[in-house]
Amino acid sequence: MKKGDLIGGVISVLFGLVVVFEASKLPYWGAQGFGPGFVPLWSGVVIIVGGLLLFGAAWRMPADPPVTPDPAGKMRLLLTAGTVVVAALLMPYLGFAVSMFLLVAVLVRGLGKHSWLVVGISSFLTAAAVYLVFVRWLMVPLPAGMLGL
Amino acid sequence: MMETFGNLLMGFSIALSPVNLLFAALGVVLGTIIGALPGIGSVTGVAVLLPITFGMDPTAAIIMLCGIYYGAMYGGTISSVLINTPGDAATVMTTIDGHQMARQGRAGPAFAVSATGSFVAGTFGVLMLTLAGPALAKWGLQFGPPEFFALMVLAILSLAGLAGSSPVKGIIMGALGLMLSTVGLDIVHGTLRFTYGSVQMMNGIDFLPVAIGMFGMGEVLVQMEKMERFDLLETKFRLRDLLPTAQDWVRSRWAIVRGTLIGFVIGVLPGAGATIASFLAYATEKRCSRHPEEFGRGAIEGVAGPESANNAASAGALVPMMTLGIPGSGTTAVLLGAFMMYGLQPGPLLFKNHPDFAWALIASMYIGNIMLVVLNTAFIPTFVSVLRMPQTIMMPGILVLTVVGAYSLSNSMADVWIMIIFGVIGYLVKVYGYPLAPLIIGLVLGPLTEVNLARSLMMSQGSFAIFMERPLSMVLLLASLVAIIIPLARQLMGRQRSHSGVSA
């Protein structure tokens, strides 16, 4: 965790500095005894101090043992996250039913290598369940898209 | 006493209505399933399923969400015992002896004893909530803004110190949560903060898409990267194999009692929750046992103690949450957010302003525990079949729920994008060992902390000395300092704590 904590410490300090800088534009004192900048400023200070402590502790840590890379895992991760992003991008255009159907289909096929029959059934059932629960029962106006679904 | 009894009767009359019974049943069944799914725990379950309660009657909605919460403590046992992977973080100790028991063909007794212990502990916890809740709420009514401010500081700092393996990371996450809570229109000063001209940002960062993202999508990403192959231990479930022997009961009974007491006390205290309670219960059983060498090889006390403790702790955590508005864990923080969403502000006034709701919820927990003990003994084979569903089909389904659920919060894609962003952040921070609970609690309690700070300073004409002049707020603030400085010092002095955050 040494490398991760060193990077995490640096990110925390940088983020904390941004918070403090932005918060310093807001009044620190106010009629209530403290101003709108008070809480964000001190949150930023704590983030900076935390980042420094994290960095300092990581510095003294022994070097990380070599990790075995897991390219397949990273691929699954990117596929999962990417599919969600693409499905969310498509949802306003294709409608929720089609985009959620595609989301499940891509992931069930891509991650599990299930047969197309399983892919079809699970995607259809998920989209149908969402329609019944969210649209019919909870009356959520999910984006309908071109197919009207 | 008579008053409490009368209130409880009224609560039962509401909780026993067909609709509320139905949703209590739905909650505990969903909770058991979510608990049984490896890697998906109570906090993910509550966050992801919260949106489907929209539009429901608030009482029924919260009854169901709480059912998911304590139901997951029962269900978590199933995957701990059968596939050696905790179904909920709080059932991790059960993997040690529970899985060994299963390998010796004694999964049945493990389930029966843990369901019994869970029932005893859960019911004890609700009983204590019934008896102590109103008294604590009445005491809380005398609190002024300085006391509430100090309580919230204690809640945030103790969780930051205890929630993960690294208090430093806990503090960073807590401060980040506080900072995020300040985005949008500032209710104390009426100014805009960090909105950068965006109308969307004026409403601030709602905790729900954040929670759904971090606990839902983030958790799925972690699981999908690992994608372990779970070896489900095939077990026969004939009645004869299910029943524990007389000796099992003799060995378990005091473990159940000790687990219950330890769990409840730990659950009530801020910062520590069901997971830490089950660690302590396991350590206690090992110490009390006359044959400690059996631990790790299928000692039934090693199942009975921790399983009772996590249920008692989850009921115990509801005591400060409902009566003082102070959550002690990630799940209770999400539940607190759910309460507020329905306009049921937890705190001393909850019992006064919404007695029907508060007592119906408490009554529903007695009923829920009875349902759960039946479900987790007689219907175990049904829930085991859930574990046969491949993760690669289950997880995409959960992702769909996170996307559609986030959308339905305010019928806008903006919440979906916030959910996705925090899903990715949730994955990253989880992989690098930053606890999520302090961020959520900071985000949920942030605005109230600021309001109470403002009211306190109004009382004192701007002097911070008020917090030290009032005995209770001083004690609470000193306790907060202790709660953060001790774990912090231990970490920085180089005493690395075990991965799960407890050096039990």
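None of these values were measured; they are calculated from a predicted model. Chain letters run A, B, ... following the sequence lines, proteins first, then strands; residues in each count from 1.
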message: For the interface with chain B, which of A:Ile47, A:Thr126, A:Val46 has the highest count of heavy-atom pairs at distances below 4.5 Å?
response: A:Ile47
- prompt: Hey, does the side chain of B:Arg193 reach the backbone of A:Pro36 with a donor-acceptor pair shorter than 3.5 angstrom?
  reply: yes
field: Closest approach of B:Tyr434 to A:Gly8 (non-hydrogen atoms, all atoms of both residues)
entry: OH-CA, 3.4 Å
field: A:Phe15 side chain near B:Met179 side chain, heavy-atom distance below 4.5 Å
entry: yes
Pick from A:Leu53, A:Val133, A:Val106 with the largest number of heavy-atom pairs that fall under 4.5 Å of chain B: A:Leu53
message: Could you check whether any side-chain heavy atom of B:Trp417 comes within less than 4.5 Å of a side-chain heavy atom of A:Leu89, counting everything from C-beta outward?
response: yes
- line: So, the part of B:Leu192 with a heavy atom under 4.5 Å from chain A: the answer is backbone
message: Heavy-atom pairs under 4.5 Å with chain B: which of A:Lys113, A:Glu22, A:Met75, A:Lys25 has the most?
response: A:Glu22
- line: So CG of B:Leu401 and CZ of A:Phe134: to nearest 0.5 Å the spacing works out to 5.5 Å
- prompt: Which bit of A:Ala57 comes within less than 4.5 Å of chain B, counting heavy atoms only: side chain, backbone, both or neither?
  reply: side chain
- prompt: Which atoms of B:Val431 come close to chain A, meaning under 4.5 Å heavy atom to heavy atom: side chain ones, backbone ones, both, or neither?
  reply: backbone
- request: Working to the nearest 0.5 Å, report the span between OH of B:Tyr432 and CD1 of A:Ile11.
  value: 9.0 Å
query: If you count heavy-atom pairs under 4.5 Å with chain A, which of B:Thr402, B:Ile420, B:Ile171 comes out on top?
result: B:Ile420
query: Should B:Val404 and A:Tyr131 count as side-chain neighbours, where that means a heavy-atom distance under 4.5 Å?
result: no
Validation row: A:Val130, B:Val400 side chains within 4.5 angstrom (heavy atoms): yes
- prompt: With only heavy atoms counted, which part of B:Val403 is less than 4.5 Å from chain A, the side chain, the backbone, both or neither?
  reply: side chain
message: Tell me whether A:Tyr28 at atom OH has more than 12 heavy atoms from other residues, nucleotides or ligands lying less than 6.0 Å away.
response: yes
message: A side-chain contact here means heavy atoms from C-beta on lying under 4.5 Å apart; do A:Phe55 and B:Val168 qualify?
response: no
Evaluation steps, ring-ring contact (aromatic ring centres under 6.0 Å, His included), between B:His189 and A:Phe38: CA-CA 11 Å; B:His189 309 91; A:Phe38 183 86; 9.3 Å; no
- request: Measure the spacing between CG of B:Leu453 and CZ of A:Phe34 and express it to the nearest 0.5 Å.
  value: 4.0 Å
- prompt: So which of B:Gly462, B:Ser463, B:Pro396 has the biggest tally of heavy-atom pairs under 4.5 Å with chain A?
  reply: B:Pro396
task: Please report the C-alpha distance between A:Met139 and B:Phe54 in whole Å, then the side-chain angles of each, then the deciding distance to 0.1 Å, and finally whether the side chain to side chain contact (heavy atoms under 4.5 Å, CB included) criterion is met.
output: CA-CA 10 Å; A:Met139 314 257 220; B:Phe54 283 176; over 6 Å; no
statement: Between B:Pro51 and A:Leu138 the two heavy atoms that sit nearest each other are O-CD1, 4.0 Å
query: More than 12 foreign heavy atoms under 6.0 Å from CZ of A:Phe124: is that the case here?
result: no
- request: Output the distance between atom CG (B:Leu399) and atom OG1 (A:Thr83), rounded to the nearest 0.5 Å.
  value: 9.0 Å
Residue B:Ser408 versus chain A: region with a heavy atom under 4.5 Å: both
statement: Value for NZ (B:Lys226) from CG (A:Leu77), rounded to nearest 0.5 Å, stands at 12.5 Å
field: B:Thr392 vs A:Val108, side chain to side chain contact (heavy atoms under 4.5 Å, CB included): CA-CA, chis, key distance, verdict
entry: CA-CA 6 Å; B:Thr392 43; A:Val108 170; 5.9 Å; no
message: I'd like to know which of B:Thr449, B:Asn411, B:Val424, B:Leu178 tops the heavy-atom pair count under 4.5 Å against chain A.
response: B:Asn411
query: Using a cut-off of under 4.5 Å for heavy-atom pairs, which of A:Pro92, A:Gly73, A:Gly4 has the most such pairs with chain B?
result: A:Gly73
Which atom of B:Met413 lies closest to which atom of A:Met91, heavy atoms considered: SD-CE, 3.8 Å
field: Leading residue by heavy atom contact count with chain B [cutoff under 4.5 Å; candidates A:Val118, A:Val104, A:Leu54]
entry: A:Leu54
- prompt: What part of B:Met56 lies closer than 4.5 angstrom to a heavy atom of chain A: side chain, backbone, both or neither?
  reply: side chain
message: Given heavy-atom pairs under 4.5 angstrom as the criterion, report whether the side chain, backbone, both or neither of A:Leu26 touches chain B.
response: side chain
query: Passes side chain to side chain contact (heavy atoms under 4.5 Å, CB included), A:Leu107 versus B:Met395? Steps please.
result: CA-CA 9 Å; A:Leu107 290 181; B:Met395 293 295 168; over 6 Å; no
message: If I measure from the heavy atoms of chain B, does A:Trp42 come under 4.5 Å with its side chain, its backbone, both, or neither?
response: neither
field: chain A contact via B:Met224 - side chain, backbone, both or neither, heavy atoms under 4.5 Å
entry: both
task: Find the distance between OG (A:Ser123) and CD1 (B:Ile393) and round it off to the nearest 0.5 Å.
output: 9.0 Å
- prompt: Thinking salt bridges, do B:Lys169 and A:Asp5 make one under a 4.0 Å N-O criterion?
  reply: yes
